[in-house]
Structure formats: C-alpha cells, structure tokens
Amino acid sequence: MARGKRAAIEGPAQPMQIDPGFHPEIRYRGRAMRIERYLDQLASAAIRETTGQTSSPLLRPTTDPRHGDYQLNAAMALAKALGKKPREIAEPLAAKLAEHPAIARAEVAGPGFVNLHLDDTWLGERLTEAARDAERCGIPLVDTPEKIVVDFSSPNIAKQMHVGHLRSTIIGDALCRLLRAIGHEVIGDNHLGDWGTQYGLLLVGMREFGSLDALDEQPIEELERVYKLASARAKDDEDFAERARTELAKLQSGDAENMALWKKFVDTTRRELERTYERMGIHFDEWLGESAYNDMLPGVVERLLAAGLAREDQGAVGVFWQELEGAPAKLAKQKEPFLVRKRDGAFLYSTTDIAAVLYRKDRWHADRSLYVVDARQGLHFQQLFAVAQLLGVEMQLEHISFGTVLDEAGKPLKTRDGKAVTLASLLDEAERRAEARIREGIAEKKLHIDEQDVPTVARAVGIGAVKYADLRQNRSSDYQFDWDKLVSFNGNAGPYLQYAYARVASIFAKGGEDLDAAVGPIVLREPPEERLGRVLARFGEVVHQAAESYLPHLLTDHLYDLAKSFMSFYEALPVLKAEGDVRASRLALAALTARQMRRGLDLLGIEVLERM
RNA sequence: GCGCCCGUAGCUCAGAUGGAUAGAGCGGUGGACUUCUAAUCCACUGGUCGGGGGUUCGAAUCCCUCCGGGCGUGCCA
C-alpha cells in the first residue's frame, strides 16, 4: 500500500520535470542517486522563496518513521534572526515543499520541525532509473575530481606483517576503492619500511650467520632469525655493533656490494608480502618505500635550515616549535622537537616523510595525501603537517588514524608467548573457522554449497569476515577482536551480508531470470517494498559520505540496513510467484539490491558468492 | 608535566556540522518453515549517555571541572 498521493504516471521513468519558477538551477541528475543532497537543495530554494534567507535547511533523516523520511530543522534556527515564531516560518516552507513531486506530504510538528514524507511514485521512478544504471550503480561523480594519495599498509621489510598492519591495510584499501568510486584519481602507495638503522645489523648478520638459500625460500623468516641473532650480538659485542654501523654507512652512501644484498632483502620480502596481499585482494599502485626518498634527504634538511624552520641542537637538527613563529600552539606547548637529522648524521623517518610530501606534490601534483596509520603516531603527523604548511606545500594532508586491535580481555592482541599475531596466521584461522561453520551449515542442510566449492567459499567468508569486522567499527576507537562474532552468520557481520546476497542471487537462479534484464518499472506498493525502496535510494549518498569522511563504517552500517530490509521484504512478499507488473517491480527491487550489495561490498574489498 | 583518544543497555558497538520518546547486534523470553535458501524472519526484554556545573528554545554531542581507563612524548618507526 503506497503512502500519500500518487500521480497517474506509470511505465518507464522519465527524467523529472521541475517547475522552473521553483528552483530553476536544480536538476535531479538522472540516474545518479544522491537523494539527500537533492532534497537539501530543494529545501534551500524553498527557504529562499519563503523567507528571503540563504541558509541551510538542516536536513536530517528522521529517527522515527512516524516523523516521515526526512526532517528540516531550519525554522528554529531562523526564528531569532527573523523575529518570528518557528512555526510561522515552518508553515509556508512546508506548503512550498509539498508542491514538489518528490514530496508526498510536508507537515509542521513540535516546535517547528518540517517533516517530509517522500512520494512513493517519485521514489519508484528514481529507483527504476537506478536499476537501469548497471554501470555506475547510481553513484554520482564528484564535481571536482582530485588526485589523492593513500599511504597505507606500509609493513617493514624483514618482518612479518602482524595484526598491527591489519587495520591500515583493510581501511586503506577500502578508502582507495571508495574515493575512486566517486570519481577521484587515487594512488594507493605502500610506503614500505625498507631503509634505516636495522639494515646495518642485517647486512653484517647475514654474512655472519645467514643462509642465502633460506633467504630465497623463506625470506621473512630468515631475515627475522638473522636480525634476532645480530641484535643480541650487538648488545654485548661492541666490535660487532661498530661493524654494523660501518656497513650501514656504506649502504647509505651507495656501496655496490651492500646495495646488492639489501636489494635482495627487499625483493625477496616483497614477493612474500605480495602473496598475502593477493590472498586479501589488495592492490597497490605504487610501492615507494622509504629508500625511494633517500637522495632527497640531505636537501630536505638544508631546505629546513635555510628557511629558518630548523636548527642544530646537541649535534642533531630539528624543528623547535616553541621558538617558531606561526607554529601551532599545541606543538609549541608540548616542546617536543621534530628531529630530522641525528647527531651521527643519519636521517629519520620524519625526514623521509617530509621528502615524501614534497615528492607527492611536485611529482604527482597530488591534491590530497592520506596517511592510514595507527593513532599512536598522531603527534608525528601533527608535526609533519605543520612542517609542510610552514614550507608552503599546498596539499591537503590527513592522518586517517585508527585504534588498536584488542583481544577478548581488552589487551592488545598477542600470541600466547606474547608475540604479535602474524597476519598470515590470523587469516589462516579465519578461513579455518569459516570452513568449520560452513560444514555445520551443510550438515544441517541450511547452506547449499557443493563439496568442491567449500574451500572457495571458506576463503571468501573468512577473509570477508575479518575485513568486515574491522571496517564496521568507527576507525578511531580500539576494537575488540572476537572470533565467534566474526564468523557468526547472523547479526552485523560479514557472512550475514554474503548470505543475504546469495539469497537474492538465488531468486534469479531459481526463476531462470536475468538479473541485468530486471529493470522494472519499480512501483512501491506494500510497506516492505516502501522500506526497502527507501534504503536503496540512499546508496549513492552513503557512498559519498563514507568516502569523503573517510568512514567506511557508514557504508557497512548501510549495507547491513539494506540486507535487513531485503530479508524482511523477501520473507513477507513473493517475488517469482507474483504476477505481471508486480513481479517485474519486485524482480527489479531484488536486482537493484543485488547490485548494490555486490558493489557496496566490493567497495569494502569483500567478495560475494552467488550461492551458499 | 604537556598533548591526544576513550567512558552510551548484562556484553560488543552506532549515534556527522547540537534536534522530537538515545539506536543496532549479541544475550534473554515468546512466536513463524507443505510456499522464491529458517545460519532467516517477527515480537518482547533491557539505559542516572562516568559525576557535577555552564551555553542554548533544545546537549550523549559544544565549553569548564572532577573521576576512571588507554596512548604518545629528543636523536626507533
């Protein structure tokens, strides 16, 4: 049963015609569903017309469906400035908006809220358009595309990736996908830790007790083994430590022999890292590690000195905020210098990061550079960004910080013997648990998976569950890792969404229907359809919000809403057994759901399965 | 000391630029499978939003203060 008024228009949706006297500049851009922005523009125009004011309508989705779909809070805000009662402002505003075909009803309520009820006919037409946009899936492009560098994952050479890299890798990858989806040009850059003091120890250690064969076969294990031995030795053998420093200096000045061995460390490790990334479906556009900026480092320090931003102190060179004009007050107060050259002449990661900022600006002409890095490095990035600003680099810099991964007891996730859990072992465990759950489901005849597909499904479900668990939480807080929740098939978890997708897909498989051919027209008749339709209509908007606020959990929450709404619809109303227009409409709703689920999960780096 | 983050239902968490009776999931209780996948769906249950002040027509949200927890802090990254 459709709410509100319904125009007589049926059949294929037309690009909507808008009364030019009302808002000549606003066009609903065909298939690009960004409904909130559209309503916002509509309401702004209505405010201008009824009050002469240019002000935000303060459009918000309602929290209670009885208040309609969206509410405007502007009347209360405008009351003081206009010297009127809020309701006196709200009444004409509501009347104006009610004239528009998108709005079924606009009611004034409470102190001066304007509650907007979307028109189901209008909404059905917009959904029909979205159903016919298989390519973009209703996600509009940004007006001004930017070039954005996303610096993420960034493991160290010669060390296993561990849970500490998990979040950066998963969140960074999702942000790349999201920003690309709304039309930005994205460079995903793996800023490897492939340069620095540990290489002196590794060079000497490798020659002393390393094996080149082992390095080829199990590079990371061998490098970790050698490093452990070498650093232990260096502690009580001053001669050994001195040789390590000498070899490091030779490496940094380009000694051919050391360079060759170092290169071998990097290449072999990279091959091993790529296997893990492949397993996770992660791709980088660039692998510019710290070593890539080596040649720039002396110049960076000189430039800072010349600009009067840095000075020498106790043999080291750094930026001393409390002495600097135009420095952020907080940095000055903290009195922590930003060191860029050590007493022994070596450079630090601060120096490398400044070089990378300059490189990204000068060589790539990036508009934005995002650093998907642990929250504990917050101070470093504050300092880095302040230096960049003082150097006059015009590029938006953002630290996309995230919290620590904790175990069930709320402590940082470690193995029993206190070591960091490696990423590989975590993924193994996820797949193992997923497989166990899947076999249970098959035994109970609740899942429909052929034996030969079990490993594939277990992989997609296991990896997907890990990613979803990470992405669904607001990045800034620490997150508690819980295996049972992770692989659970119900509730807000990855497998539930994959299951929901498989259920939609099975409608088409069962009915022999082509998903791409199911294009409606969509007409919202029953309450479950109206609810599903309203969720479907928000997709483009949510993708934009998630991308531009760097909050993937906005999308996971939305996809969960979508899955729930679809499940309710699916349980309540027949699709294949419906007839005529109703069947066509419901098939199109299902097809649009499937596409948004697939696309949405893809933007999070999560695979879907046609059958499970 | 200085700085950053956090404190919301029994548990895990959402609550963007302040908006109506603070929402999910898990858990608990009760229902729904001869009908498109029941690992699903429906209903119910559950809160001094850490405490106290302040700003506002309106505060979980902004400001101050206190309490509790985590993290960072001169030559690691």
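Chain naming here is simple, since letters A, B, ... match the order of the sequence lines and numbering starts at 1 in each.
A:Arg433 pairs by the salt bridge (charged side-chain N to carboxylate O under 4.0 Å, His left out) definition with A:Glu429, A:Asp484, not counting sequence neighbours. With sequence neighbours excluded, no residue forms a ring-ring contact (aromatic ring centres under 6.0 Å, His included) with A:Phe402.
Aromatic ring orientation, A:Phe381 versus A:Phe385: tilted (interplanar angle from 30° to 60°). Taking the six-membered ring for Trp and thresholds of 30 and 60 degrees, A:Trp195 and A:Trp262 have ring planes more than 60 degrees apart, a perpendicular arrangement.
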**Q.** Base versus backbone protein contacts along nucleotides 58-63 of chain B [heavy-atom cut-off under 4.0 Å; B, S, -]
**A.** ------
Q: Heavy atoms under 4.0 Å is the rule here; annotate nucleotides 29-43 of chain B 5' to 3' with B where the base is hit, S where only the sugar-phosphate is, and - elsewhere.
A: ------SBBSBBSS-
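Within the 4.0 Å cut-off from OP1 or OP2 of B:G25, not a single side-chain nitrogen or oxygen of A:Ser488 is found.
Look at A:Glu571 and A:Arg503 and you find a salt bridge, because one of the NZ, NE, NH1 or NH2 atoms lies within 4.0 Å of a carboxylate O, short of that distance.
B:U55 and B:U21 have their C1' atoms separated by 24 Å, with the value rounded to a whole Å. Atom P of B:C62 sits at a distance of 16 Å from the matching atom of B:U8, rounded to the whole Å. Using P as the reference atom, B:G23 and B:C49 are 14 Å apart when rounded to the nearest Å. With C1' as the reference atom, B:C71 and B:G54 are 30 Å apart, rounded to whole Å.
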Can you check nucleotides 13-18 of chain B for protein contacts, nitrogen or oxygen pairs under 3.5 Å, and list what you find?
residue, atom, partner, partner atom, Å
B:C13, OP1, A:Gln480, N, 3.4
B:A14, OP1, A:Asn474, N, 3.2
B:A14, OP1, A:Ser477, OG, 2.9
B:A14, O3', A:His553, NE2, 3.2
B:A14, O2', A:Asp557, OD2, 3.1
B:G15, OP1, A:Asn474, ND2, 3.4
B:G15, OP1, A:His553, NE2, 2.8
B:U17, O4, A:Arg60, NE, 3.3
B:U17, O4, A:Arg60, NH1, 2.5
B:U17, O4, A:Arg60, NH2, 3.3

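As a whole-Å value, the separation of A:His67 NE2 from B:G23 P is 11 Å. A:Gln322 has its CD atom 14 Å from the P atom of B:G3, to the nearest Å. At whole-Å resolution of the value, CD in A:Gln314 and P in B:C75 are 10 Å apart. Look at CG on A:Leu555: it is 20 Å from P on B:A24, rounded to the nearest Å. Going from atom CD of A:Gln382 over to atom C1' of B:C2 covers 12 Å, rounded to whole Å.
In terms of heavy atoms, A:Arg472 sits closest to A:His553 at O-CB, 3.2 Å. Between A:Ser154 and A:His191, the shortest heavy-atom contact is CB-O, 3.2 Å.
At a threshold of 4.0 angstrom between heavy atoms, the contacts of A:Phe566 with the nucleic acid are absent. Nucleic acid contact for A:Arg586: none, since no nucleic acid atom lies under 4.0 Å from a heavy atom of the residue.
Here the nucleotide nearest the side chain of A:Glu336, chosen from B:G1, B:G19, B:U21, is B:G1.
Nearest-nucleotide positions on RNA chain B place A:Arg376 closer to the 5' end than the other of A:Gln198 and A:Arg376. Nearer to the 5' terminus of RNA chain B, by closest-nucleotide assignment, is the contact made by A:Met76 (compared with the other of A:Arg343 and A:Met76).
Between the OG atom in A:Ser565 and the CD atom in A:Glu530 there is a gap of 12.5 Å [rounded to 0.5 Å].
Stem regions annotated for RNA chain B: B:1-7 with B:67-73, B:10-13 with B:23-26, B:27-32 with B:40-45, B:50-54 with B:62-66, counting only runs of 3 or more consecutive pairs of Watson-Crick or G-U type with both contacts under 3.5 Å.
Within 6.0 Å of atom CG in A:Asp581, 12 or fewer heavy atoms from other residues, nucleotides or ligands are found, so the atom counts as exposed in its surroundings.
Both geometric conditions, a ring-centre gap below 5.5 Å and a plane tilt below 30°, are fulfilled for A:Phe113 over the base of B:A20.
With 3.5 Å as the limit, one finds a donor-acceptor pair spanning the side chains of A:Tyr468 and A:Asn492. With 3.5 Å as the limit, one finds a donor-acceptor pair spanning the side chains of A:Asn73 and A:Gln71.
Put simply, the side chain of A:Thr351 gets close to the backbone of A:Leu348: a donor and an acceptor are under 3.5 Å apart.
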